[in-house]
Amino acid sequence: MELSKNFEPQAIENKWYQQWLDKGYFKSVPDERDAYTIVMPPPNVTGVLHMGHALNNTIQDILIRRARMEGKNACWVPGTDHASIATEAKVVGMLRERGITKSSLSREEFLSYAWEWKEKYGGIILQQLKKLGFSLDWDRTSFTMDKDYYASVIKVFVQLHDKGIIYRGKRMINWDTKALTALSDEEVIRKETKQKLYHLQYAIDGSDEKITIATVRPETIMGDSAIAVHPDDERYKHLHGKFAIVPLIDRLIPIITDDYVTMDFGTGALKVTPAHDMNDNMLGQKHGLEVIDIFNDDGTLGEAAQIYIGLDRFAARKKIVIELEEKNYLIKTEEYTSEVGYSERTDTVVEPRLSLQWWLSMKEISKPALKDVMEEEIKFYPAKFKNLYRHWMENIKDWCISRQLWWGHRIPAWYDGEGNYVVAETKEEAIEKFAEKNIKVNPENIKQDEDCLDTWFSSWLWPFEVFKGYSDPGNKEVKYYYPTNTLVTAPEIIFFWVARMIMAGEEFMKEKPFDAVYFTGIVRDKLGRKMSKSLGNSPDLLGLIGQYGADAVRFGVMISSPAGNDILFDEAALEQGRNFNNKMWNALKLVKMWEGRKANSNEPLANSFALQWFENRLNEVKKEVASMMQQFRLSEALKTIYSLIWDDFCSWYLEWVKPGFEQPIDAGIYKKTTEFFTELMQLLHPFMPFVTEEIYHLLDERNDDLCVKQLAETAAVDEALLQKGSLLKNIISGLRDIRNKQQLKPKETIELFIDAENKGVYDGIENLLSKQVNANSISFTNATVADAISAVIGKDKFYIKTEKPIDTANQKQDLEKELIHLKGFLTSVEKKLGNEKFVANAKPEVLALEQKKKADAETKIKVIEESLAAL
RNA sequence: GGGAGUUUAGCUCAGUUGGUUUAGAGCAUCUGCCUUACAAGCAGAGGGUCACAGGUUCGAGCCCUGUAACUCCCACCA
């Protein structure tokens, strides 16, 4: 069979993925093996595949494929999140394009559009994930609004309400004036924003005096309920208990004192607007102030504002500033920068306002979850996120879980129209509950809450509810798969999701949801900028897969992704992956070329060192990789395998066993070589599944699939043999360097003389040495060889005779350089050994090592000095 | 304002309880090679007072103190 010049990923990716699916390798059912379970963080149904998904899921696939090859029952569960607010925004946008407004639709009509949208676009991202070869158990695909899942979310709400953990309350919330919904604190992004600090004069009632306050929100003065000053502030002491007059609307407000006020900020006088500021609200409660909400839901000014009614808050600000200035209330404007909260979804400035919402009390429910992580029942990789987690958990606030949206799980609260409500799964149950409370209701008047739940109130159940652990407690599946093994996710959602999953796991399963959390970095461009639509630096992933191949993309994101660090994405890494594919492909071509030329040679031992050395090297790396995988050092594991294949296998081993041009290869060596190749492919397979599967099948067409080939036990490593290999490689490189410096062409042969300290070291490697440095003879000697280039490598002295005249100057320079280095080194070692305290305190093995270093350096110096003298 | 992290070669990073050369890798660079698997390649080389200043120690990239720069998280100074 003729193999193509280069590896062609496009030709084989679909073939293998289809075969893996057809053979059901990714399917998992409980059995007697150990489970290895990962639930995929469900992407939003609005999502399209981007680098973050590629990174995140490649890591999961590596862990899952490795576990599968280790003989575990690997189960990786896919799914999508309904993404309440994000999806609703998309659907509203789609409707707008069709000329339909949400307000013109009934809830049912809107939801049918939303479902239509979800059916059409919601599965795209999962289809895209298949292109990267991810070994997900597709039969288990879940959705946070599947019928059963939906029912569980409702049940959870009722259960927590009955337990008193969920309550309804009017409190300050973050209001999104565009999406027209409340947001949780986590959905508010604080950004430094340039603003203006306006100094406004309020007249004092019954006096000619004025008091000046500073504010960044002059449009809220109509909502003012007081002016607060510090009780000890001498400037204002005479005003305590007096009233000020709000400009433009001439309302009287009291001047109150509170030590919350900072005397040296602004003017030391603060306008208090309890309806539109978290702190002012706190002050308002303390002092029993009136709450005047001057805004409509959409951020325009309402009736209560009295002026500029219907105008947007920012437009109103401009107009009011002009009016205040005209009427001499504005006396100063300062540039001022502070943090302003923006909605994560709509990027509009969040309006703090008092609102009746549903809340989840976090205090008790968070305790076991904090313990899990602090006591390492759940291990975080990297561990630094433990601190972050602890800090958040210890300062946790109640979670606002209601959203004024339709796309999501509708809150199971029922109102009788008379100001009473109950929480129940169905209307029927609600009627019963009303009855229990002795509230007479007319079933016709009972209305369900219009709001739905925060998206995260459903996804926090994900690790067990994908196995129906809540709806069908103790079922076979949840018992087998839960707790899951590893969660792989971005640190950005540690509070949104990770923390809450742990709480839900402990609350509903009485058990942690996973053993370990691996936090990936954020994918940035090569300049370190976050990937974003506006910067246009987000690469077209499907395009890159087409261009470089899925394996190269997987290689590229993994090689530049050390655990816990952000990854700087650079297409060069993909090129490296593609080149790696070709390297392996070409090695395969070489081996396949030998296939027809096998012969039983009488002298297979001639090459036995190469075999033994590589076998040990392979075992050594297998052990290293196993240990790195355990510690989630995936990037390092990949680098190690890469170097094993490229350097040790291709550059050294294959060159050592390679027969001469058109010469036969020993059958035993051929067999061993294909075995090594197979093991390499197996080791690499979790990282690069397609190319390895393809090569594996081409190595031997009788092979079953690599995807499910079980890893064998690793044999012990012979250190001495590895050391001998290193020595041989050093000598070869050293002699090649000399050949380079003497400008010897590859074809020009040399005669090699070795003045060896111990000739035995060269047993079994002489022929490899002569082959690799193109020597037509090797002799051992104890005398100086005339007219030869000399070099010291290791502890031995080498003489090279060639046809060409020797460049002595060059050689002398090299030796002298080496001598200076060695002498410097020797001095440092001697200094150490001359230090009594070192000799007294250092561990014996350290001392012995230093003594050995000294002796070695001394011999080398001696040998080099001899060589120099002979020049 | 509080907290965490980072700072090692041109770039991206290893460096695991302080002791294996006078600090390693990949990429990039330079030199020589179209050598019969691979020029998307081969062979070789150069490149770092480990951010800075002190300290502890026989010995510090690693431990301690301080400084600087950058990054991230949290927080109610209008």
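Lettering follows sequence order; numbering is per chain, from 1. None of the values given here were measured: they were computed from a predicted structure.
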On a whole-Å scale, what distance lies between the [atom1] atoms belonging to [N] and [M]?
| N | M | atom1 | value |
| --- | --- | --- | --- |
| B:U56 | B:C13 | P | 34 Å |
| B:G55 | B:C74 | C1' | 33 Å |
| B:U49 | B:G10 | P | 8 Å |
| B:C62 | B:A23 | P | 14 Å |
| B:A60 | B:U8 | C1' | 14 Å |
| B:C50 | B:U22 | P | 14 Å |
| B:G48 | B:U29 | C1' | 15 Å |

**OP:** Taking only heavy atoms on the protein side, list every residue of residues 817-825 of chain A lying under 4.0 Å from any atom of RNA chain B, sorted numerically.
**Re:**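 Heavy-atom cutoff 4.0 Å gives A:H821, A:G824, A:F825.
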
**OP:** List in numerical order all residues of residues 222-233 of chain A for which some heavy atom is under 4.0 Å away from an atom belonging to RNA chain B.
**Re:**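 The answer is none.
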
What protein N or O atoms touch nucleotides 29-34 of chain B N or O atoms at under 3.5 angstrom, if any, and at what distances?
none

**OP:** Determine whether the side chains of A:E334 and A:Y198 contain a donor N or O and an acceptor N or O closer than 3.5 Å.
**Re:**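 The answer is no; no qualifying pair exists.
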
Original post:
If we ignore angles and hydrogens, is there a donor and acceptor under 3.5 Å between the side chains of A:T220 and A:K271?
Top reply: yes

Check nucleotides 75-78 of chain B against the protein and report each pair of N or O atoms closer than 3.5 Å, with its distance, or say if there are none.
unit_1	atom_1	unit_2	atom_2	d
B:A75	N6	A:E339	OE1	3.0
B:C76	O4'	A:N279	OD1	3.2
B:C76	O4'	A:N279	ND2	3.4
B:C76	O2'	A:N279	ND2	2.7
B:C76	N1	A:N279	OD1	2.9
B:C76	O2	A:N279	OD1	3.2
B:C77	O2	A:T262	OG1	2.3
B:A78	OP2	A:Y336	OH	2.1
B:A78	O2'	A:A214	O	3.4
B:A78	N6	A:T262	O	2.8
B:A78	N6	A:F265	O	2.9
B:A78	N1	A:T262	N	3.3

**OP:** For A:E624 and B:G15, give me the distance from atom CD to atom C1', rounded to whole Å.
**Re:**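 Taking atom C1' of B:G15 as the reference, CD of A:E624 is at 14 Å.
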
Original post:
Should A:R353 and A:D277 count as an ion pair when the cut-off is N to O under 4.0 Å?
Top reply: no

Original post:
With sugar-phosphate meaning primed atoms plus P, OP1 and OP2, does A:T273 contact a base, only sugar-phosphate, or nothing at under 4.0 Å between heavy atoms?
Top reply: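 Nothing, no nucleic acid heavy atom in range.
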
**OP:** Would you kindly check whether a donor in the side chain of A:R578 faces an acceptor in the base of B:A40, or vice versa, at under 3.5 angstrom?
**Re:** yes

Subject >> Pairing pattern in dot-bracket form [Watson-Crick, G-U; both distances under 3.5 Å; | = partner strand] for RNA chain B >> reply: (((((((..((((.....[....)))).(((((.......))))).....(((((..]....))))))))))))....

Original post:
How would you list, by chain and number, every residue that makes a side chain to side chain donor-acceptor pair (under 3.5 Å) with A:D796, sequence neighbours excluded?
Top reply: A:Y762

